Amino acid sequence: MYTQALNARDASDERSEDAALLAAFQARVDAEEKIEPNDWMPEAYRKTLVRQISQHAHSEIVGMLPEGNWISRAPTLKRKAALLAKVQDEGGHGLYLYSAAETLGVSREELTEQLLSGKAKYSSIFNYPTLTWADIGAIGWLVDGAAIMNQIPLCRCSFGPYSRAMIRVCKEESFHQRQGYELLLEMCRSSEEQKAMVQDALNRWWWPSLMMFGPSDTDSKHSAQSMAWKIKRFTNDELRQKFVDATVPQAHYLGLTLPDPDLKFNEETGHWEYGEIDWEEFSRVVAGNGPCNRERLAARRKAWDEGAWVREAALAHAEKRRNRREAARIAAE
Amino acid sequence: MTEKNTPLWEVFIRSRTGMAHRHCGSVHAADEEMALQAARDVYTRRGEGVSIWVVPSSAIVASDPTEKDVMFEPTASKIYRHPTFYEIPEEVGNM
Ligand SMILES: [Fe+2]
Ligand SMILES: [Fe+2]
């Protein structure tokens with residue numbers, strides 16, 4: 001998902017930690033107790049969470065870019081206000097998540113550095129371009145829709161700060177998906193040309209949206225441990241299936257065709273069966289070679305560099321005021 | 001990074017008049033004024049609050065979770081602190 005690039009586990013984590021502590025920790029997790037930042041936790045649990053929460057945060061921040069691209073070109077004031085509010089929410093989600101990650105002992109500056117240096121990953125989905133206004137609707141409907149599928153179970157994550165951040169995020173996500181779907185519905189009803197734009201957007205966003213759930217269960221290295229720690233509640237494939245089942249009828253309601261010739265409803269299981277995902281494309285985008293990877297990182301670096309003087313000035317101003325206050329206090333004594 | 005780190009603030013929000021301020025997260029800001037503004041933008045985009053407190057994170061003093069048992073155990077044995085410990089005849093009525 002937003003953290004689909006969680007790959008190989010660190011061998012150094014396997015070093016022996018006190019067996020009694022480990023057992024007590026697992027018992028708390030099994031009892032559905034929340035783990036808080038100052039509680040004892042296995043080093044690998046801490047590392048996994050720092051990586052997962054920070055990747056999630058980076059995804060929210062980078063995710064502002066493809067949509068931000070259309071704020072100044074929204075077709076009406078209503079749509080512009082909605083898009084602006086949505087993008088601002090995504091910035092907020094990033095900040096809730098960075099603060100949750102920081103409770104585990106990593107600094108905001110380190111996290112920012114990891115994103116800007118390309119060391120940290122973010123969701124592959126944000127490396128695709130937004131070519132038309134219909135892409136904005138498709139992102140709300142599909143990308144936020146997939147994010148909701150993933151984030152709802154994360155509200156019950158064993159790590160307290162992450163689960164609380166997810167509860168806030170989930171409350172805000174529903175508007176994101178609805179504004180996207182409503183926008184597409186309006187386009188589909190307006191004219192054949194606009195409906196064709198929506199179909200084109202679906203064709204381009206459908207498969208990348210399915211990839212958001214990460215590698216298939218057979219190739220997912222982290223699932224079992226994350227499930228045991230109750231960081232994860234469902235496997236990648238389970239969540240992907242839920243998303244397909246929820247989304248296919250919504251596409252049909254819009255009068256659209258999903259770009260998958262193998263898609264068919266299985267009467268027996270009650271599920272939509274879908275075709276093979278292009279995992280090579282997925283690996284390529286995760287490895288940094290998607291259509292917009294370089295552009296996205298360049299945009300984040302530019303924003304960071306061009307904001308440097310603001311950060312410096314704010315700190316200098318704060319220091320000046322502190323010194324003045326201090327001088328006044330001493331003078332008064 | 002050679003830049004100085006921007007300080008961290010804990011954010012507390014009163015959701016409605018009559019409620020206590022409740023911790024809801026944290027923000028980074030150079031000073032208290034900017035911390036308040038950032039807290040408003042990050043945590044109250046949908047009328048979640050009528051009042052905000054920001055406190056430097058470094059000013060928070062917390063109890064040690066590993067000492068939890070020693071810290072809170074004494075209250076567990078003092079059942080006479082609860083009203084149900086005392087027998088009042090039913091005839092007396094609600095008390
Ligand atoms: Fe979000
Ligand atoms: Fe969203």
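Every value quoted in this text rests on a predicted model; they were computed, and no experiment measured them. Residue numbers start from 1 in every chain, and the chains themselves are labelled A, B, ... in the order their sequence lines are given, proteins ahead of strands. Reckoned from all heavy atoms, side chains included, excluding hydrogens, waters and symmetry mates.
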Beyond-backbone contact of A:Arg311 with B:His28, side-chain heavy atoms, under 4.5 angstrom: no
Heavy-atom neighbours of A:Arg178 CZ exceed 12 at 6.0 Å: no
Interchain contact, A:Glu102 with chain B, by part (heavy-atom threshold 4.5 Å): side chain
Spacing of A:Arg108 atom CZ and B:Asn5 atom CG [to the nearest 0.5 Å]: 11.0 Å
Minimal non-hydrogen separation, A:Leu315 against B:Ala30, with atom names: N-CB, 3.8 Å
B:Lys78 atom NZ, neighbour heavy-atom count above 12 within 6.0 Å: yes
Salt bridge A:Glu90-B:Arg45, side-chain N to carboxylate O under 4.0 Å: no
Over 12 non-hydrogen atoms of neighbours within 6.0 angstrom of CZ in A:Arg325: yes
A:Glu109 side chain to B:Thr6 backbone, donor-acceptor under 3.5 Å: yes
Nearest-0.5 Å distance that lies between atom CG in B:Leu8 and atom OG in A:Ser99: 7.5 Å
Engaged part of A:Gln88 at the chain B interface, taking heavy atoms whose separation is under 4.5 Å: both
Where A:Asn38 and B:Pro65 come nearest, the two heavy atoms and their spacing: O-CG, 3.2 Å
Ion pair B:Glu48/A:Lys171, N-O distance below 4.0 Å: no
Cationic N near anionic O, under 4.0 Å, A:Asp89 to B:Arg46: yes
Heavy-atom side-chain proximity of B:Val42 to A:Tyr96 below 4.5 angstrom: yes
More than 12 heavy atoms from other groups under 6.0 Å of CZ on A:Arg329: yes
Engaged part of B:Ser26 at the chain A interface, taking heavy atoms whose separation is under 4.5 Å: both
Within 6.0 angstrom of B:Met34 CE, more than 12 heavy atoms from elsewhere: no
Minimum heavy-atom distance B:Tyr43-A:Arg168, with the two atoms named: O-NH2, 3.0 Å
Region of A:Arg321 in contact with chain B, defined by heavy-atom distances below 4.5 Å: side chain
